[in-house]
Amino acid sequence: MTDEPKRVAVVGAGPAGFYACEDLLKHGFEVDLFDVLPTPFGLVRAGVAPDHPKLKTVTRRYEKTASEPGFRFFGGVELGSDVMRSELFERYHAVIYAVGTSDDNRLGIAGEDRPGSHSATEFVAWYNGHPDYAEREFDLSVGTAVVIGNGNVAIDVARMLVLDPDEIKVTDTADHAITGLGAASVEHVIMLGRRGPVQAAFTNPELLELGELKRSDVIVDPADMQLDEYSAKWLEEHGDKTARRNVEILTDYSQREPQGKSHRIELRFLRSPMEIVGDDDEGRVSGIRVVKNRLSEELRAVPTGEEEVIECGLVLRSIGYRGRPLPDVPFDERRGLIRNEGGRVTDEEGRPIPGEYAVGWIKRGPSGVIGTNKKDASDTIARLLEDAEAGKLNEPAGETDPDAIEAWLKAEVPGLVTWEGWNKIDRHETTAGEPHGRPRVKVVSVAEMQQIAGG
Ligand code: NAP
């Protein structure tokens, strides 16, 4: 490397983006971190459940990264519209995508788009005050909700539906959702797993939390805990600690006497959704038709043909995410991820493209917890360092001077928000939260954020 520091654009200011910045700064690079929103922290702000404030304290580490010399934040910049990929390559020695996986998987069954059927993505983004989802409406004046999927996101949305309003109002849940959830009449949440308890993707602390809810009993049918032979064998021979403990926790739930709490979360297994039914073709959700499954030797769900209709007024599908392609950036349609080899973005022949990298969920898929992205990012940065050493980064043809780049961005992107601007939004939110004992009152309009940041 020459004496001039190499400059990297990191696109996406969630955990993976911040861990990438941290590593790059440590190795003498300068970074400009971009985000489509005026606010940083990605899913820590817009995904992590508001009643899990401890998980959000990880932002202190990101703030430390942001305070390092050589770091800048540019919020409110959309790659592919405000700024093009080619324009970044004109100005930076490398570009790293850390954009996460923002599209939700679909069930592909009839009735999926009925009023009252939503993705968990929408619901989570709504209660977390993501500006693009603040105006969404959820009819919570129903008695029963069905959550499809057996992952931690399913647990989050099920729990949020039954929390006591007193528990919600001390969190940073968006004000519109505090009102909406406070007025909700959902008393019964059914979580559906297409496979059995052994295959559930929950982590232990999240599953345990379901058994400790103030106003909700947790219900598991003891018959569901009679494991089929293949699951029992798998658990015996290959079961990891998490799966074993999940089975113990669920067995405990199946043996509990309901305590007569006002709400219930019920976990039902080995059922696949076939159709979301309603009163007429376009009508609101009135139920979900499911087929009972058995497990094959390969532990796949196989329909038995036996069906039932579960009556409900709300369906939230929580069956994982996939990446959204970025204009001009190689994309693997099958995997729903940026095409890459260990973080190096590759062309159609599988050759690495100089100076182009991916980290986090858009690199490996939506798995793991926040901390998983630390190792993931440092693996990619290790590849970038090898490439830098070998002289294989991008050679920018344009202006690389940081001040000139900022001037260009200011001219291109009305409402650009810098780290200083974000700090103003942050202070505004936390100050508004203080009198109510809340960590913050989120601003949910981009225009208002820009106004506060500019003021
Ligand atoms: P996930 O853990 O991958 O779970 C997805 C669930 O959807 C699985 O149970 C899967 O079942 C099911 N599914 C997929 N396709 C289906 C279909 N067509 N019909 C019925 N069920 C289907 O995904 P996630 O819950 O979205 O979570 C994403 C990541 O974020 C995970 O790593 C999770 O741990 C993490 N997260 C962590 C926390 C936390 O730490 N508190 C909170 C939220 C999220 P199969 O197994 O049968 O495919």
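Below, each value reflects all heavy atoms present in this structure, side chains not excepted, and no hydrogens, waters or symmetry copies. Remember, predicted model here, so these are calculated numbers, not experimental data.
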With ring-ring contact (aromatic ring centres under 6.0 Å, His included) as the rule and sequence neighbours excluded, what pairs involving residues 277-311 come up? none
Is the count of non-hydrogen atoms from other residues, nucleotides or ligands lying under 6.0 Å from Lys233 atom NZ greater than 12? no
Glu348 atom CD, over 12 foreign heavy atoms within 6.0 Å: no
Between [Y] and [X], is there a salt bridge with N-O shorter than 4.0 Å?
| X | Y | answer |
| --- | --- | --- |
| Arg61 | Glu63 | no |
| Glu308 | Arg271 | yes |
| Asp376 | Arg364 | yes |
| Asp217 | Arg264 | no |
| Asp379 | Arg383 | no |
| Glu282 | Arg114 | no |
| Arg159 | Glu209 | yes |
| Asp103 | Arg322 | no |
| Asp104 | Arg317 | yes |

Test item: side-chain donor near acceptor, [X] and [Y], under 3.5 Å:
| X | Y | value |
| --- | --- | --- |
| Glu311 | Thr144 | no |
| Asn293 | Ser272 | yes |
| Thr203 | Glu206 | yes |
| Asp240 | Thr242 | no |

Check residues 444-455 and write down every donor-acceptor pair under 3.5 Å in which the side-chain atom is one partner and the other belongs to a residue at least two apart or another chain.
residue: Ser445; atom: OG; partner: Ala447; partner atom: N; Å: 3.4
residue: Ser445; atom: OG; partner: Glu448; partner atom: N; Å: 3.0
residue: Gln450; atom: NE2; partner: Gly415; partner atom: O; Å: 3.4

With sequence neighbours left out, write down each residue that passes side chain to side chain donor-acceptor pair (under 3.5 Å) with Glu306, or none if nothing qualifies. Lys292
Answer whether the closest heavy-atom distance between the side chains of Arg45 and Thr39 falls below 4.5 Å. yes
